[in-house]
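Please read all numbers here as calculations on a predicted model, not as lab measurements.
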Amino acid sequence: MSGCGSCSACGSGDKSQEYRNESGHSAVKCPLCDVEITFEKMPANRRIQCPECGTVIEIIPLLLN
């Protein structure tokens, strides 16, 4: 996946809302293959790559008040 944005398969515009899964970990769902991706710390660029399909996902942060 090049992420050039020239076709829909790149996934360069995919976004997913951060949530807390049942174990209490931060997670997002891949919008392409629906795999749950967990992470310890928000990546600095707010992007994470799906280990299943390679889609690059922009994480929409969970706002805790």
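Residues V56 and D14 form no side-chain contact, since every pair of their non-hydrogen atoms from C-beta on lies 4.5 Å or further apart. In this structure the side chain of E36 reaches within 4.5 angstrom of the side chain of Y19, judged on heavy atoms. Between E40 and H25, some side-chain heavy-atom pair lies under the 4.5 Å cut-off. By the 4.5 Å heavy-atom criterion applied to side chains, S26 and M42 are not counted as neighbours.
Taking all atoms of both residues into account, the shortest heavy-atom contact from T55 to C53 is OG1-SG, 3.0 Å.
Taking the side-chain hydrogen bond (donor to acceptor under 3.5 Å, both in side chains) definition, one finds that S16 meets it with nothing, sequence neighbours left out. Considering only residues two or more places apart in sequence or on other chains, N45 meets the side-chain contact (heavy atoms from CB on, under 4.5 Å) condition with P43, R47. For P51, the side-chain contact (heavy atoms from CB on, under 4.5 Å) partners two or more places apart in sequence, or in a different chain, are I37. Taking the side-chain hydrogen bond (donor to acceptor under 3.5 Å, both in side chains) definition, one finds that E52 meets it with nothing, sequence neighbours left out.
Ion pairing of E58 with R46 is present here, as a side-chain N (NZ or NE/NH1/NH2) and a carboxylate O approach within less than 4.0 Å.
A donor-acceptor contact shorter than 3.5 Å is absent between the side chain of E18 and the backbone of P61. For the pair Q49 (side chain) and I57 (backbone), a donor-acceptor distance under 3.5 Å is absent.
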